[in-house]
Amino acid sequence: MKCFRANSTINSKHIFYKSEAYENLIGEPRLELKVVTLNINEGHNNELMEQCQILREYAQYVARVCKYAKEMELDTAVRLTVDECIQEGILAEFLRKNKSEVIAMSIFEYDKEEEEKKLRKAEFEAGEESKAKEIIGLMLSAGEPVEKIAQYTGYTIEEIQKS
């Protein structure tokens, strides 16, 4: 479940080419996979949404979960959304039959997305720190004064001396 800001620049339609996944593609691919993706978030692909009621209602469900998740705990937001949607006839039959599974999966999917963001951020920060320590080591090896290294890297003198 992806939550996008209302004014997000996410397109309504995007085409991905498999060949774009290769850094060093030489020549034309012999076989190209072209994947068309459609944004099914509220406010996008209105013609499609008008033709498919279930898809439109699913987009409404996701939009509500995302809205409420900004204001309250995720599990509360999901439960509130499920109850409201049932009352308002949005995916009502499906939600009545599968309420507990929908709640569990919605929480899992949302948490998974957030955890992946946190993991990517932590990996990036670890890479930055590793690179900074490598640079500090090179500067120390080159005979640069510890004070100068601290000035350029933002590390304290004590942190640099531990390197």
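Given the structure is predicted, the values throughout are model-derived calculations rather than measurements. Because only heavy atoms are used, hydrogens play no part in the values below, and waters and symmetry mates are left out as well, while side chains stay in.
- Side-chain contact of E84 with Y68: a donor-acceptor pair under 3.5 Å is present, judged by distance alone.
- Looking only at side-chain heavy atoms (C-beta outward), Y17 and L33 stay at 4.5 Å or farther from each other.
- In this structure, E50 and R56 approach most closely via the heavy-atom pair CA-NH1, 3.7 Å.
- Residue I54 places its CD1 atom among 12 or fewer non-hydrogen atoms of other residues, nucleotides or ligands, all under 6.0 Å distant.
- Contact record, C85 with A92: O-CB, 4.4 Å, taken as the closest heavy-atom pair.
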Trace of the side chain to side chain contact (heavy atoms under 4.5 Å, CB included) decision for K34 with I15:
CA-CA 7 Å; K34 177 180 172 180; I15 299 174; 3.5 Å; yes
Audit row: L38, H14, side chain to side chain contact (heavy atoms under 4.5 Å, CB included) steps and yes/no
CA-CA 7 Å; L38 301 175; H14 185 80; over 6 Å; no
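- Here L80 contributes atom CG and D75 contributes atom CG; the two are 11.5 Å apart, rounded to the nearest 0.5 Å.
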Tell me, with the steps shown, if I90 and Y58 meet side chain to side chain contact (heavy atoms under 4.5 Å, CB included).
CA-CA 8 Å; I90 299 169; Y58 175 72; over 6 Å; no
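- Counting heavy-atom neighbours within 6.0 Å of E71 CD, excluding the residue itself, gives a total above 12.
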List the steps, then state whether salt bridge (charged side-chain N to carboxylate O under 4.0 Å, His left out) holds for E129 with K133.
CA-CA 6 Å; E129 184 176 341; K133 288 185 177 185; 3.3 Å; yes
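- Residues that satisfy the side-chain hydrogen bond (donor to acceptor under 3.5 Å, both in side chains) test with E134, not counting sequence neighbours, are absent from this structure.
- Under a 3.5 Å cut-off, the side chain of N45 and the backbone N or O of S12 do form a donor-acceptor pair.
- In summary, the side chains of S106 and Y61 do present a donor paired with an acceptor at a separation below 3.5 Å, with no hydrogens or angles considered.
- Salt bridge present: K97 and E93 bring a charged side-chain N and a carboxylate O closer than 4.0 Å.
- From Q161, atom CD reaches atom CG of L140 across 9.0 Å, with rounding to the nearest 0.5 Å.
- L138 is not listed as a side-chain neighbour of E144, based on a closest heavy-atom distance of 4.5 Å or more.
- For E73, there are no side-chain hydrogen bond (donor to acceptor under 3.5 Å, both in side chains) partners, not counting sequence neighbours.
- Considering only heavy atoms from C-beta on, V82 stays 4.5 Å or farther from R79 through its side chain.
- You'll find the side chain of L95 stays beyond 4.5 Å of the side chain of D83, heavy atoms only.
- Rounding to the nearest 0.5 Å gives a distance of 7.5 Å between CG of N46 and CE of M49.
- Taking CD1 from I135 and OG1 from T153, the interatomic distance works out to 9.0 Å, rounded to the nearest 0.5 Å.
- Salt bridge R64/E88: present, at least one basic N to carboxylate O contact under 4.0 Å.
- Put simply, Y152 and V146 are part of the same group of oily side chains (I, L, V, M, F, W, Y) that touch within less than 4.5 Å, one to the next.
- Interatomic distance, CG of L74 versus CD1 of I107, reported as 5.5 Å (0.5 Å rounding).
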I149 vs Y155, test: side chain to side chain contact (heavy atoms under 4.5 Å, CB included). Steps then yes/no.
CA-CA 8 Å; I149 297 171; Y155 282 79; over 6 Å; no
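- Proximity of T37 to V35: side-chain heavy atoms (C-beta onward) are separated by under 4.5 Å at one or more points.
- Here NZ of K99 is found 5.0 Å from CD1 of I86. Values are rounded to the nearest 0.5 Å.
- Looking at heavy atoms from C-beta onward, V36 lies out of side-chain contact with F16 at the 4.5 angstrom threshold.
- Under the 3.5 Å distance criterion, the side-chain polar atoms of T81 are matched with a main-chain donor or acceptor of A77.
- Remark: Q53 engages E57 in a side-chain hydrogen bond (donor to acceptor under 3.5 Å, both in side chains) (not counting sequence neighbours).
- With hydrogens and angles ignored, the 3.5 Å screen pairs a side-chain donor or acceptor of S141 with a backbone N or O of G137.
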